[in-house]
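A short write-up of the structure that comes next.
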Amino acid sequence: MSVYGIALAGWSSNNKYSLLGALRSSAQMISYELALGLSLVGVVLRAGSLNLRVIVEQQATLGAWTWNVNPFGGGFQFIAFFIYLMAAFAETNRSPFDLPEAESELVGGYHTEYSSMKFAMFFMAEYGNMINVDAWPRCYFSAAGPARSAI
């Protein structure tokens with residue numbers, strides 16, 4: 001959904017440079033969302049379920065030894081964790097993947113024509129995405145998730 005928002009924001013600003021920045025940003029987001037999704041496939045296959053509760057319970061059986069990020073007990077999911085980490089940096093436009101904001105260029109990317117609250121809404125969505133991307137590996141790669149809470 002965020003790809004549509006950025007593409008439409010660049011198009012609706014009626015500026016060709018903002019449109020080019022939006023297309024560049026959309027292409028980066030699509031490519032790294034694929035890496036994010038594919039890095040979680042091994043964890044889901046190892047757990048045998050898409051249910052987050054089952055994934056967390058499977059990791060919580062023997063403590064940290066069975067966490068998916070552990071290279072000795074969790075299979076080779078530490079490689080998937082590293083791929084997820086790098087794709088998460090790129091997805092949230094953190095350095096060195098901050099190409100869509102184009103701070104070194106004269107035109108700042110897809111949000112060139114926006115100011116005030118519209119500009120603030122772009123960055124509130126970006127920081128909300130950072131919280132979301134940070135919450136998923138806690139369930140998929142360590143035993144901190146919905147199953148650990150008191151029922």
Side-chain angles (χ1 to χ4, degrees), residues 1-47 49-57 59-60 64 67-71 74 76-150:
M1 285 306 272
S2 60
V3 176
Y4 289 123
I6 289 176
L8 290 176
W11 176 63
S12 66
S13 67
N14 202 15
N15 183 349
K16 63 182 174 182
Y17 298 112
S18 294
L19 178 61
L20 288 174
L23 292 177
R24 178 175 56 186
S25 178
S26 298
Q28 179 178 345
M29 290 182 73
I30 289 171
S31 64
Y32 287 112
E33 281 178 2
L34 287 173
L36 274 175
L38 289 176
S39 67
L40 300 177
V41 170
V43 174
V44 169
L45 288 175
R46 186 168 186 261
S49 175
L50 283 171
N51 190 351
L52 283 178
R53 186 174 299 272
V54 172
I55 293 171
V56 172
E57 286 173 353
Q59 295 179 83
W67 286 4
N68 285 327
V69 77
N70 187 353
F76 287 106
Q77 300 308 318
F78 66 93
I79 297 171
F81 177 72
F82 181 73
I83 292 171
Y84 183 91
L85 187 67
M86 290 300 109
F89 283 149
E91 179 72 22
T92 57
N93 298 330
R94 299 297 109 198
S95 181
F97 302 101
D98 54 354
L99 181 70
E101 284 153 12
E103 295 165 349
S104 63
E105 296 177 5
L106 195 57
V107 176
Y110 60 91
H111 48 69
T112 303
E113 298 291 325
Y114 296 101
S115 62
S116 187
M117 279 306 292
K118 293 178 186 174
F119 186 74
M121 292 303 287
F122 279 117
F123 279 95
M124 291 296 289
E126 187 173 330
Y127 283 108
N129 189 21
M130 286 171 38
I131 292 169
N132 188 19
V133 167
D134 178 51
W136 286 109
R138 296 174 194 273
C139 295
Y140 283 109
F141 295 105
S142 67
R148 303 295 290 173
S149 62

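Note that the numbering runs from 1 along the sequence shown for the chain. Computed from heavy atoms alone, side chains included, the values below leave out hydrogens, waters and symmetry copies.
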Inset, instruction - With sequence neighbours excluded, tell me which residues meet side chain to side chain contact (heavy atoms under 4.5 Å, CB included) with Ser31. - result: none
Inset, instruction - Report, as yes or no, whether the 6.0 Å neighbourhood of atom CG on Leu50 holds more than 12 heavy atoms from other residues, nucleotides or ligands. - result: no
Inset, instruction - First locate atom CE of Met86, then atom CD of Glu91, and finally report the distance between them rounded to the nearest 0.5 Å. - result: 14.0 Å
Legend entry - Minimum side-chain heavy-atom gap Val133-Tyr84 below 4.5 Å: yes
Inset, instruction - Report the distance from atom CZ of Phe78 to atom CD1 of Ile83, rounding to the nearest 0.5 Å. - result: 10.5 Å
Legend entry - Those residues that, when tested against Ser26, pass side chain to side chain contact (heavy atoms under 4.5 Å, CB included) (two or more places apart): Val3, Ile6, Ala7
Inset, instruction - Using atom types as modelled and distance alone, determine if a side-chain donor or acceptor of Gln59 lies under 3.5 Å from a backbone N or O of Cys139. - result: yes
Legend entry - Shortest non-hydrogen separation from Gln77 to Asn68 and the atoms involved: CB-O, 2.8 Å
Legend entry - Ser39 side, atom OG; Ile79 side, atom CD1 - distance, nearest 0.5 Å: 12.0 Å
Legend entry - Distance (rounded to the nearest 0.5 Å) between Ile55 CD1 and Phe141 CZ: 10.0 Å
Inset, instruction - Could you tell me the separation between the CZ atom of Arg24 and the CE atom of Met29, rounded to the nearest 0.5 Å? - result: 14.0 Å
Inset, instruction - Would you please name every residue forming a side chain to side chain contact (heavy atoms under 4.5 Å, CB included) with Asp134, sequence neighbours left out? - result: Arg138
Legend entry - ring-ring contact (aromatic ring centres under 6.0 Å, His included) partners of Phe82, counting only residues at least two apart: none
Legend entry - N/O donor-acceptor pair under 3.5 Å between Arg94 side chain and Thr92 backbone: yes
Inset, instruction - Applying ring-ring contact (aromatic ring centres under 6.0 Å, His included), name anything that partners Trp136, two or more places apart in sequence or on another chain. - result: Tyr140
Inset, instruction - Taking all non-hydrogen atoms of both residues into account, name the closest pair between Ala88 and Leu36 and its distance. - result: N-CD2, 4.0 Å
Legend entry - Test item: Ser12 side-chain N/O and Leu8 main-chain N/O as donor-acceptor pair under 3.5 Å: yes
Legend entry - Test ring-ring contact (aromatic ring centres under 6.0 Å, His included) applied to Phe89 - qualifying residues, sequence neighbours left out: none
